Chemist: 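Okay, handing you the structure first.
The structure displayed is predicted, hence computed values, not measured ones.
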Amino acid sequence: MAAPCVRTVTVFVIVFFSCLAGAHVVELDDRFNEARKSGKWLVEFYAPWCGHCQRIQPVWSDVGEKMKFSHPHIHVSRLDGTRYGGIMDLYGVKGFPTIMYPAVRKLEGQSHLRQLQRDNEVIFVLVAEDDTSDLEKHFTSAAEEKILDSTFVRAAPADIPEKSRPSDLPALLVFKDGTSYRFDEEIEADNISSWILQELIPAFPLFTSDNIFNLYKGGKALVIVLTHPSAGNAKKHPHYLMREVLKEAALKHRDKYHKKYQFVYMEDKAFMQELVLTSLEIPSILVFEPKSYLYYLMEDPVNVNQESLEAFLKSVEEGLSEAYGGNSFFRRIYRVFYEIFTSLAAMWTAQPILTSLLLGLPSILMTFVCYSLCTAEPAEEGEMDSEDEGEEGLEYEDQEQPQEEDDPGHIKAE
């Protein structure tokens, strides 16, 4: 138990002092050999004298700054290979600069697996004795495509707990929700990639803007229970009991629902209303289809149980429940105006004075311009004609002037 604690303290010390320095890129040392077992590390091996390393440094700092906000679980770091050659040899680094982020990491014992389970909700594990199988090749390819979405490791049979250890190898497992599930389809690249997409999310997560894209990638309809945020604090609260019914369906009835539905719960009413473009009551249970933006509302959600939930989902599949929403052309136009209106309403609620200035000043300016154009007096026709005649007379005099100067000359010559 001491080793995981040491790794945690090591990671904390490294990241803490990097934050004190105001850097988005963690400067590593020889403690990285232990720290790498906790979390994900995107590492640049560099040398102070390397010209290419010096040119890439501003770009690497920018990568660290952006990854800190977009993927905070990934540590962007750099290591001086001239000082820590042993770590370079450990990873087979031969030149500078070298950027390393392994898609599939090696599992180093059951304690390492427990550490990964504490740090990650979902872990994909390839259990094999060698690296020559088609499953290994397809798994590595899929991991490289989804490298930022989850954690992928390769393990020997002894690294897997006995209750989850497969009898025949190689085998692909996913550890989540306190248990493990095995890939049991035909070994093809598309099947493995599709299976990973379906297993990216826990059985019953909180639906937020952070995981919306991974939920959409799975291609499943979302069964959503919308409850009050404080529902999880009172086990006898009706909203809490509603959550428990859907959680039980997701975990205990996985074989029945897993391939078609992803069960989630929501506490942000405004976020859900942005998806369906209408107001919703709390509590609500609905089925939302990400591809078509259609949704179906369950009647009497407070008294939901396994039987009524199954009947509701069956009515959705058979087309007996009324569908709302959609993604037609007019619906997309309506979505644009709805988002503009909700954004303005949110701005007004947060900053009414600033919103008044932003909307009022352009309106006043446009009103003034229109008023000026409409009230401007046109010039009268007589004045315009006299001005034109005056201009023509001046031009005529300018043209005749040289002839008047020549007349005295002619008279003297005669």
Side-chain angles (χ1 to χ4, degrees), residues 70 121-122 124 142 145-150 174 176 181 183 185-186 188-226 246-247 249-250 253-281 284-299 301 304 309-340 342:
S70 61
E121 292 181 323
V122 180
F124 294 93
E145 294 177 0
K146 302 168 182 62
I147 191 170
L148 298 178
D149 296 331
S150 190
V174 58
K176 66 177 188 177
Y181 304 100
F183 172 76
E185 302 176 22
E186 188 175 352
E188 294 182 357
D190 292 340
N191 291 342
I192 294 175
S193 180
S194 176
W195 182 77
I196 290 176
L197 285 177
Q198 292 183 354
E199 301 292 348
L200 274 177
I201 303 295
F204 190 59
L206 174 64
F207 186 17
T208 66
S209 58
D210 295 332
N211 59 7
I212 184 172
F213 293 109
N214 281 341
L215 287 168
Y216 281 17
K217 288 177 183 178
K220 305 177 186 178
L222 305 181
V223 183
I224 305 169
V225 54
L226 178 62
L246 268 70
K247 184 178 180 179
H253 302 280
R254 172 185 166 93
D255 295 339
K256 183 186 297 184
Y257 299 121
H258 179 65
K259 290 188 177 182
K260 293 181 179 180
Y261 301 107
Q262 172 68 56
F263 292 86
V264 298
Y265 69 96
M266 289 191 71
E267 298 175 344
D268 189 350
K269 178 181 177 180
F271 177 52
M272 190 66 234
Q273 291 179 164
E274 289 179 3
L275 295 178
V276 299
L277 302 181
T278 189
S279 60
L280 293 173
E281 296 181 356
S284 295
I285 294 178
L286 64 154
V287 173
F288 178 74
E289 296 180 356
K291 291 182 179 179
S292 62
Y293 278 82
L294 292 173
Y295 66 96
Y296 309 83
L297 290 171
M298 182 180 186
E299 297 180 359
V304 64
L309 178 62
E310 182 179 2
F312 170 59
L313 296 179
K314 186 176 180 180
S315 67
V316 171
E317 294 175 9
E318 296 177 352
L320 300 178
S321 292
E322 184 177 358
Y324 302 92
N327 200 28
S328 63
F329 173 77
F330 295 104
R331 191 72 177 176
R332 290 195 294 268
I333 298 297
Y334 175 73
R335 181 176 295 275
V336 172
F337 285 99
Y338 182 87
E339 291 177 354
I340 293 174
T342 53

Chemist: Hey, could you give me the OH/CG distance between Y216 and N211, rounded to the nearest 0.5 Å?
Modeler: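 If I round to the nearest 0.5 Å, the distance is 10.5 Å.
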Chemist: Identify, with sequence neighbours excluded, every residue that meets side chain to side chain donor-acceptor pair (under 3.5 Å) alongside T208.
Modeler: none
Chemist: Quick one: side-chain contact (heavy atoms from CB on, under 4.5 Å) partners of S150, sequence neighbours excluded?
Modeler: V122, F124, F152, L200
Chemist: Using the ring-ring contact (aromatic ring centres under 6.0 Å, His included) criterion, which residues pair with Y296? Sequence neighbours excluded.
Modeler: none
Chemist: Quick one: pull up CH2 in W195 and CD in E185 and give me the separation to the nearest 0.5 Å.
Modeler: 9.0 Å
Chemist: Of all heavy-atom pairs between V287 and F312, which one has the smallest distance, and what is that distance?
Modeler: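 That closest heavy-atom pairing would be CG2-CE2, 3.6 Å.
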Chemist: I need the L246 CG to F204 CZ distance, nearest 0.5 Å.
Modeler: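 Rounded to the nearest 0.5 Å, the CG-CZ separation comes out at 5.5 Å.
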Chemist: Name all pairs fulfilling the salt bridge (charged side-chain N to carboxylate O under 4.0 Å, His left out) condition that reach into residues 254-264, sequence neighbours left out, sorted by first residue then second.
Modeler: E199-R254, K256-E310, K260-E317
Chemist: Which residue pairs pass the salt bridge (charged side-chain N to carboxylate O under 4.0 Å, His left out) test when at least one of the two sits in residues 266-280, sequence neighbours left out?
Modeler: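 Applying salt bridge (charged side-chain N to carboxylate O under 4.0 Å, His left out) to every pair that reaches into residues 266-280, excluding sequence neighbours, yields R243-E267.
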Chemist: If I take atom CD from residue E121 and atom CD1 from residue I201, how far apart are they, to the nearest 0.5 angstrom?
Modeler: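 Output value for this atom pair is 8.0 Å.
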Chemist: Tell me if the CD atom of E318 is crowded by more than 12 foreign heavy atoms within 6.0 Å.
Modeler: yes
Chemist: Kindly write out the residues that satisfy ring-ring contact (aromatic ring centres under 6.0 Å, His included) with Y181, not counting sequence neighbours, or none if the list is empty.
Modeler: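 If we apply the ring-ring contact (aromatic ring centres under 6.0 Å, His included) test to Y181, skipping adjacent residues, there are no hits.
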Chemist: How would you list, by chain and number, every residue that makes a salt bridge (Lys or Arg N to Asp or Glu O under 4.0 Å) with K247, sequence neighbours excluded?
Modeler: none
Chemist: For S321, what residues pass the side chain to side chain donor-acceptor pair (under 3.5 Å) criterion, not counting sequence neighbours?
Modeler: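 S321: side chain to side chain donor-acceptor pair (under 3.5 Å) contacts with S315.
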Chemist: Roughly how far, to the nearest 0.5 Å, is the CG atom of L309 from the CZ atom of F263?
Modeler: 5.5 Å
Chemist: Run the side-chain contact (heavy atoms from CB on, under 4.5 Å) test against E188 and tell me which residues pass, sequence neighbours left out.
Modeler: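 side-chain contact (heavy atoms from CB on, under 4.5 Å) check on E188 returns E186, N191.
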Chemist: Please determine whether side-chain contact (heavy atoms from CB on, under 4.5 Å) holds for the pair Y265 and L206, giving the CA-CA distance in whole Å, both sets of side-chain angles, and the decisive distance to 0.1 Å.
Modeler: CA-CA 5 Å; Y265 69 96; L206 174 64; 3.4 Å; yes
Chemist: For a 4.5 angstrom cut-off between non-hydrogen side-chain atoms, does K146 reach L197?
Modeler: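 Side-chain contact under 4.5 Å: yes.
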Chemist: What I'd like to find out is whether the side chain of N327 reaches to under 4.5 Å of the side chain of S292, using heavy atoms alone.
Modeler: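 No - every pair of side-chain heavy atoms lies 4.5 Å or more apart.
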Chemist: Could you tell me which residues satisfy side chain to side chain donor-acceptor pair (under 3.5 Å) with S194, sequence neighbours excluded, listed by chain and number?
Modeler: none
Chemist: Residues two or more places apart in sequence or in another chain: which of them pass ring-ring contact (aromatic ring centres under 6.0 Å, His included) with Y293?
Modeler: F288
Chemist: Sub-3.5 Å donor-acceptor pair from the side chain of K176 to the main-chain atoms of A203, do we have one?
Modeler: no
Chemist: Please identify each residue that fulfils ring-ring contact (aromatic ring centres under 6.0 Å, His included) with Y324, with sequence neighbours left out.
Modeler: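 Residues passing ring-ring contact (aromatic ring centres under 6.0 Å, His included) with Y324: Y295.
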Chemist: Less than 4.5 Å apart, any side-chain heavy atom of E145 and any of I196?
Modeler: no
Chemist: Tell me whether Q198 contacts the main-chain N or O of S193 through its side chain, where contact means a donor paired with an acceptor under 3.5 Å.
Modeler: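 No, Q198 side chain to S193 backbone: no donor-acceptor pair under 3.5 Å.
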Chemist: Looking at every heavy atom in both P290 and A221, which two are closest together, and how far apart are they?
Modeler: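 Where P290 meets A221 most closely, the heavy atoms are CD-CA, 4.3 Å.
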Chemist: Quick one: CD on Q262 to CG on L215, what's the gap to the nearest 0.5 Å?
Modeler: 5.5 Å
Chemist: So do V304 and V225 actually touch side chain to side chain, heavy atoms under 4.5 Å?
Modeler: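 No, their side chains stay 4.5 Å or more apart.
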